[in-house]
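A quick write-up on the structure given underneath.
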There are 2 protein chains.
Amino acid sequence: MPSLRDVAEQAGVSVSTASIALRHDTRVKESTRRRVLSVAEEIGYRPNGAARDLKSRRTGMIAILLHDLGGPFYSELLRGVSTRAQANGLTALVCTSALDRGGELTRLLREKRVDGAIILDSSISEDDILEVASPSLPLILLDRQIQHPNLYSVLCDHRSGAYMATLHLIDAGYRDIGIILGPSDSHHSHLREEGALQACRLRQCVPRPDHIWHGAFTESSGYQLVDSVLASDDVPRAIFVANDEMAVGLMRGLLERGVRIPDDVALAGFDDIRITQYVSPPLTTVRQPMYELGILAADTLMRALRGDEDITPIVLQTELVVRGSS
Amino acid sequence: MPSLRDVAEQAGVSVSTASIALRHDTRVKESTRRRVLSVAEEIGYRPNGAARDLKSRRTGMIAILLHDLGGPFYSELLRGVSTRAQANGLTALVCTSALDRGGELTRLLREKRVDGAIILDSSISEDDILEVASPSLPLILLDRQIQHPNLYSVLCDHRSGAYMATLHLIDAGYRDIGIILGPSDSHHSHLREEGALQACRLRQCVPRPDHIWHGAFTESSGYQLVDSVLASDDVPRAIFVANDEMAVGLMRGLLERGVRIPDDVALAGFDDIRITQYVSPPLTTVRQPMYELGILAADTLMRALRGDEDITPIVLQTELVVRGSS
DNA sequence: CCTCGCAATCGAATCGTTTCGATTAGTAGT
DNA sequence: ACTACTAATCGAAACGATTCGATTGCGAGG
């Protein structure tokens with residue numbers, strides 16, 4: 001409630017002096033500075049963020065836009081981003097769009113209540129992104145690329161991850177490969193499909209078309225696919241599943257039918273979500289370096305905020321994690 | 001970049017008219033409203049949040065303060081909060097304090113960049129909370145109580161949850177109970193201990209003092225406790241573990257030692273984190289209704305923002321989830 | 001004694017909205 | 001033709017900080 005003006009009056013100085021005194025500026029005499037500080041303390045002065053932001057044209061805050069918090073690795077991502085944000089004196093906020101369609105875009109980005117943002121949310125349209133990006137609001141896109149001077153990209157190499165996982169299955173002796181993908185309009189699904197097929201081509205064991213299925217990237221969709229998979233006259237000996245959620249669901253279904261893993265069917269997933277370590281057998285999967293992704297995304301944002309205009313995309317490699325399912 | 005003034009000039013109206021025109025106020029003629037709107041669109045006008053907040057003294061944003069995002073149920077909590085926030089035209093932000101000690105308190109709360117906040121983070125000190133709470137910044141505390149006119153509490157009944165779980169173990173025939181708690185300075189650990197002991201007293205099977213252990217609420221600390229537990233000359237037949245992380249760790253340790261669950265030792269945990277469903281056997285546990293907690297917290301915040309001064313704490317009940325481990 | 005330079009402080013403009021009381025125009029009533 | 005009223009619009013004052021050029025006071029140098 002008390003404003004800088006109240007502090008100034010009670011300390012017997014002008015508002016401008018009070019302002020710089022609070023910022024420990026050397027231009028004020030030590031004695032006045034102490035006086036201002038003690039008055040501020042005494043009357044419970046708190047700077048008003050809105051006023052400061054308005055005048056200084058920066059907020060000291062950055063946003064991380066996610067679709068929802070359910071994602072398994074968001075905590076690691078955020079840890080990476082926070083680390084760097086704090087080192088640069090910024091505060092990182094997380095905002096989800098799943099339930100607040102557009103609200104967060106308007107409040108945070110359109111109305112510039114943050115200095116920049118990191119976006120990992122394929123449900124936000126390209127148009128919306130293009131609309132809000134500006135020289136004073138650089139955006140870092142994760143796992144997505146849009147050509148624009150104020151859009152920077154940090155990508156994970158999903159293709160090579162899927163390639164490694166599939167190659168691993170093949171080279172473990174399972175030449176009869178099946179593939180379970182996500183929704184056909186999913187960019188990630190598409191990339192992972194390409195990687196998997198590339199490995200198959202290399203080893204000359206491209207799966208039959210009816211050994212490629214599509215799920216919804218959810219556990220239950222994986223579970224439901226078990227019928228289709230087992231219905232095949234010639235069940236594949238190994239399956240690359242394009243994400244762990246589906247892989248876990250499928251695994252549950254297979255075990256219920258008495259299929260032994262990896263003896264009857266080997267599995268590999270993608271994402272390295274936490275439960276992959278706890279299912280039995282533990283699931284072979286592909287890890288995305290989310291912490292590093294956060295670090296790089298934040299660093300890129302800092303660069304952008306400093307005016308760096310190099311928008312060359314940064315690509316991170318994934319890591320194959322071999323466990324009992326293969 | 002373009003401001004309301006630019007819009008007004010180009011549309012040939014005053015700034016004040018432009019302002020209300022953009023808000024679809026009926027005081028402006030339909031024709032001018034359209035003109036203003038089209039000019040705004042044309043020159044890419046975007047309202048400046050800081051200016052708006054400064055003048056209107058509200059931001060339309062609320063914050064959820066968590067220690068970190070690693071927590072298993074935060075996504076449910078956030079979903080609850082978001083639902084209600086959106087229904088009231090507010091945007092919910094998540095902010096973690098683990099890495100940004102104090103920064104988020106200053107930027108968001110002290111400098112009032114949000115209208116209110118929901119706090120679930122025992123690492124934020126009572127002093128800090130008391131310092132920032134004010135009539136214009138109501139705070140909702142989850143699982144914590146502080147007496148203050150602008151602090152509202154929503155609590156989960158951890159005690160009765162622990163009571164139910166322990167009673168369930170005893171009534172399943174295991175009279176020889178062990179208890180694994182969290183750090184002794186943890187409020188949650190203390191509440192859960194009370195509940196567990198209350199059940200034991202009721203059934204007259206209070207555990208021996210050396211059958212009560214303390215961990216760190218982490219999986220690895222649970223794993224490490226397996227030695228102490230098995231070292232006992234008289235291993236308890238059932239163990240109530242004060243959180244699932246430790247329970248899962250302990251379970252892993254026990255299985256490695258060839259202990260059968262629940263035949264040799266029965267287990268119950270607390271929290272109902274996701275992996276409890278995937279470990280074998282699935283873990284009996286206590287579910288906190290995080291979605292409902294989010295809903296209630298948000299509703300309480302809305303009440304507070306409307307000036308309601310009733311700070312009577314709200315208490316939510318937990319739910320026992322019986323699975324294979326008991 | 002006068003001026004110069006420096007340190008300390010001040011005043012006023014500014015950021016971009018919102019809001020409220022004042023003004024103008026237009027219409028209707030008598 | 002004049003007032004009364006409403007509808008539409010305007011002007012100016014906030015909101016609370018920052019910032020920059022201007023001012024004051026004072027000791028040193030000539």
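Residue numbers start from 1 in every chain, and the chains themselves are labelled A, B, ... in the order their sequence lines are given, proteins ahead of strands. All values reported here derive from a predicted model rather than from experimental measurement.
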Between D:dA22 atom P and A:R27 atom CZ, what is the distance in whole Å? 15 Å
Of B:K55 and B:K29, the one whose closest DNA chain D nucleotide lies more 5': B:K29
Donor-acceptor pair, distance only, cut-off 3.5 Å: does the side chain of A:R303 make one with the backbone of A:D310? yes
Per the side-chain contact (heavy atoms from CB on, under 4.5 Å) rule, which among B:L293, B:L78, B:I140 passes with B:I118? B:I140
Nearest non-hydrogen partners of A:H158 and A:L191, listed with the distance: CB-CB, 4.1 Å
In whole angstrom, what separates B:R34's CZ from D:dA8's P? 14 Å
Give a yes or no on this: more than 12 heavy atoms of other residues, nucleotides or ligands lie within 6.0 Å of atom CZ of A:R58. no
A:L4 CG to D:dC15 C1': how many Å, rounded? 13 Å
Under a 3.5 Å distance rule, please check whether A:R144 uses its side chain to pair with a backbone N or O of A:D121 as donor and acceptor. yes
Exam field: side chain B:T32 to backbone B:V28, donor-acceptor pair closer than 3.5 Å: no
Contact under 4.0 Å: A:R23 side-chain N or O vs D:dT19 OP1/OP2: yes
Roughly, in whole Å, what's the span from CE in A:M1 to P in D:dC15? 10 Å
Is it the case that over 12 heavy atoms from other parts of the model lie below 6.0 angstrom from the NE2 atom of B:H190? no
Going 5' to 3' on DNA chain C, which nucleotide is the first and which the last to come under 4.0 Å of a heavy atom in chain A? C:dA8 to C:dG16
Those residues of residues 37-54 of chain A lying under 4.0 Å from DNA chain C by at least one heavy atom: A:L54
Has the side chain of B:S82 got a donor or acceptor atom that lies under 3.5 Å from a matching backbone atom of B:R79? no
Below 4.0 angstrom, which residues in residues 7-15 of chain A have at least one non-hydrogen atom near DNA chain C? A:G12, A:V13, A:S14
For A:Q147, does the CD atom have more than 12 heavy-atom neighbours from other residues, nucleotides or ligands under 6.0 Å away? no
Decide, yes or no, whether a salt bridge links B:D25 with B:R23 under the criterion of side-chain N to carboxylate O below 4.0 Å. no
Whole-Å distance between D:dA17 C1' and B:K112 NZ? 16 Å
Does the distance from a Lys or Arg side-chain N to an Asp or Glu carboxylate O, for B:E131 and B:R110, drop under 4.0 Å? yes
Any A:S16 side-chain N or O less than 4.0 Å from OP1/OP2 of D:dT19: no
